[in-house]
Amino acid sequence: MNENPRSFPPVSTAAASPRHLLWLVLPLVVFVAAVLWLLQSDPLRGFNNGAPPVENLTIERTVLDEDGLRMLVRAGGSEPMTIAQVQVDAAYWQFTQEPAGTISRGDTAWVAIPFPWVLGEAHKVTFVTNTGATFDHEIPVAVPTPKVSGNALVSQAVLGAFVGILPVAIGLLCYPALRGAGRNTMTFLLAMTVGLLAFLLVDTMTEALEFASQSAAIFQGSVMVILTAVASFLTLVAIGRRHGSPTGLALATYIAIGIGLHNFGEGLAIGAAFAAGAAGLGTFLVLGFTLHNITEGIGIAAPILKIRPKLVHFVGLTLLAGGPAVLGIWVGSLAFAPHWTAIALAIGAGAIAQVIVEVTALVGRSESARLDYARILSPAAFGGIAAGLAFMYVTAMLVKI
């Protein structure tokens with residue numbers, strides 16, 4: 001074969017010469033010199049018109065106990081900030097801060113207020129900085145913050161099992177009845193899995209963005225969620241396709257992982273409801289989520305109808321999909337920072353997106369292992385997707401307040 005005379009010369013694989021290394025170091029030296037000049041000469045002082053710096057304060061955790069109120073705050077804005085005063089229900093209160101003094105950009109501090117909060121009442125806390133800026137925080141219902149104890153963890157684990165593990169197990173119990181399914185029925189069931197996963201993807205991303213909006217501005221919430229979801233998706237695709245497209249038990253495992261990460265978010269909602277004192281809301285959510293999750297077990301069973309998994313495989317899939325609900329209730333009841341919750345849900349969204357791609361490929365795979373678009377566009381596939389979306393949408397009405 002004749003070589004193209006206009007083609008680029010091959011790249012040399014020899015070790016870099018000192019001259020090449022110099023051209024790598026030179027840009028770094030120029031950058032460091034520019035930063036030093038900026039810090040020493042302060043050319044921005046001419047733009048200073050006396051206005052106070054932009055400040056931002058985010059309340060990440062609120063703890064109510066016998067000593068009063070404790071809040072974890074994170075500073076944002078362009079400069080370090082100082083909390084000068086604290087108001088509770090429009091009255092000034094003494095407070096202590098740990099660590100004391102100025103809070104640097106991005107750092108956190110605990111603020112303790114010896115306020116005699118009233119059980120079941122709403123309270124408003126206002127932080128006043130030394131520049132006069134104010135930041136409000138609402139406590140809708142004052143209840144004692146749950147403390148970590150053996151009994152509490154066991155009770156929450158039982159609740160999480162009822163919400164996550166039990167309904168998935170009920171769905172997987174349909175496996176024997178579905179084994180005799182024909183081609184169209186199989187297509188319908190796999191497409192229904194795509195439909196319910198598509199609903200979970202939208203729901204998970206919505207929840208992730210909602211938590212991200214509550215996090216400190218420094219984390220760039222929406223961008224953080226999108227980048228995390230994309231990274232999760234690409235990572236799982238790379239892992240799942242190391243030996244070709246996953247099928248059978250491997251695909252069921254990926255479905256269980258995606259559903260499990262979504263159930264973690266559901267557990268967060270239930271735990272947060274109880275932590276906020278909304279016991280009735282939590283009970284309502286428990287019943288709604290249980291019905292909502294039964295279809296997820298059927299979706300996990302769909303890819304393994306042509307094989308005979310062992311009992312231990314069914315147990316593992318059930319725990320993988322439903323077990324994270326237990327962890328979610330624990331985390332939600334302890335009210336951890338919203339940006340960590342947003343990241344966890346974004347990872348779940350990426351996992352669900354990866355499973356949607358793989359299940360869709362399985363729906364369209366013909367006997368020759370080639371992608372048949374006619375099967376993806378068949379009435380059985382459309383009907384399955386519509387059924388999955390419709391069931392998830394209707395049952396979600398029970399858990400949306």
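Because the structure is predicted, anything quoted here is derived from the model rather than measured. Counting from 1, the numbers follow the sequence of the chain as shown.
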| query | Would a distance-only check, ignoring hydrogens and angles, find a side-chain to backbone donor-acceptor pair under 3.5 Å from N263 to G323? | reply | no
| field | Residues F115, H123; criterion side chain to side chain contact (heavy atoms under 4.5 Å, CB included); working and verdict | value | CA-CA 10 Å; F115 174 75; H123 298 291; 3.5 Å; yes
| said: If you compare all heavy atoms of Y175 against all heavy atoms of P309, which two are closest, and at what distance to 0.1 Å? | reply: OH-CD, 3.3 Å
| request: Say whether T108 and E60, considering side chains only, have a donor N or O and an acceptor N or O under 3.5 Å apart. | output: no
| For S104, which residues count as a side-chain hydrogen bond (donor to acceptor under 3.5 Å, both in side chains) partner, sequence neighbours excluded? | none
| query | Should T126 and Q85 count as side-chain neighbours, where that means a heavy-atom distance under 4.5 Å? | reply | no
| said: Which heavy atom of H339 sits nearest to which heavy atom of M224, and what is that distance? | reply: O-CE, 4.0 Å
| said: L389 vs I385, test: side chain to side chain contact (heavy atoms under 4.5 Å, CB included). Steps then yes/no. | reply: CA-CA 6 Å; L389 286 171; I385 292 174; 4.0 Å; yes
| note | On a heavy-atom basis, the closest approach of A342 and A212 is CB-N, 3.8 Å
| query | Rounded to the nearest 0.5 Å, how far does CG of L57 lie from OG1 of T134? | reply | 10.5 Å
| said: Quick check: do M71 and F95 have side-chain heavy atoms less than 4.5 Å from each other? | reply: no
| field | Side chain S232, main chain T228, donor-acceptor under 3.5 Å | value | no
| message | Could you measure the distance from the CZ atom of R105 to the CD atom of E79? Nearest 0.5 Å is fine. | response | 9.5 Å
| field | Side-chain donor/acceptor of E207 to backbone N/O of F211, under 3.5 Å | value | no
| task | Show your reasoning for whether side chain to side chain contact (heavy atoms under 4.5 Å, CB included) applies to E55 and N130. | result | CA-CA 11 Å; E55 295 180 328; N130 61 338; 4.0 Å; yes
| Counting heavy atoms not belonging to Q87, are there more than 12 under 6.0 Å from its CD? | yes
| task | Rounded to the nearest 0.5 Å, what's the gap from OG1 on T96 to CZ on R70? Could you check? | result | 9.5 Å
| note | Between G164 and A325 the two heavy atoms that sit nearest each other are CA-CB, 3.9 Å
| field | Any side-chain heavy-atom pair of V125 and T62 under 4.5 Å | value | no
| query | Below 4.5 Å, heavy atoms only, C-beta onward: do L69 and W93 meet side chain to side chain? | reply | no
| Between the main-chain N or O of G106 and the side-chain N or O of R74, is there a donor-acceptor pair closer than 3.5 Å? | yes
| message | Is the shortest side-chain heavy-atom distance between I300 and L320 below 4.5 Å? | response | no
| task | Kindly give the heavy-atom pair with the smallest separation between P140 and A122, and that separation in Å. | result | O-CB, 3.2 Å
| query | Between V326 and V163, is a side chain to side chain contact (heavy atoms under 4.5 Å, CB included) present by the stated rule, with each step listed? | reply | CA-CA 8 Å; V326 177; V163 170; over 6 Å; no
| said: Please report the interatomic distance OG1(T102) to CG(D107), rounded to the nearest 0.5 Å. | reply: 11.0 Å
| field | Contact check, side chains of I352 and L261, non-hydrogen atoms, under 4.5 Å | value | no
| request: Check whether any side-chain N or O of H313 sits under 3.5 Å from a backbone N or O of R308 as a donor-acceptor pair, and report yes or no. | output: no
| W117 side chain vs V143 backbone, donor-acceptor pair below 3.5 Å | no
| query | Less than 4.5 Å apart, any side-chain heavy atom of M81 and any of F135? | reply | yes
| Distance from L36 atom CG to F31 atom CZ, nearest 0.5 Å? | 10.0 Å
| query | Taking all non-hydrogen atoms of both residues, which atom of L249 and which atom of I307 are closest, and how far apart? | reply | N-CD1, 3.8 Å
| request: Check whether any side-chain heavy atom of S378 lies under 4.5 Å from a side-chain heavy atom of F188, and answer yes or no. | output: no
| request: Hey, could you give me the CZ/OG1 distance between F199 and T204, rounded to the nearest 0.5 Å? | output: 9.5 Å
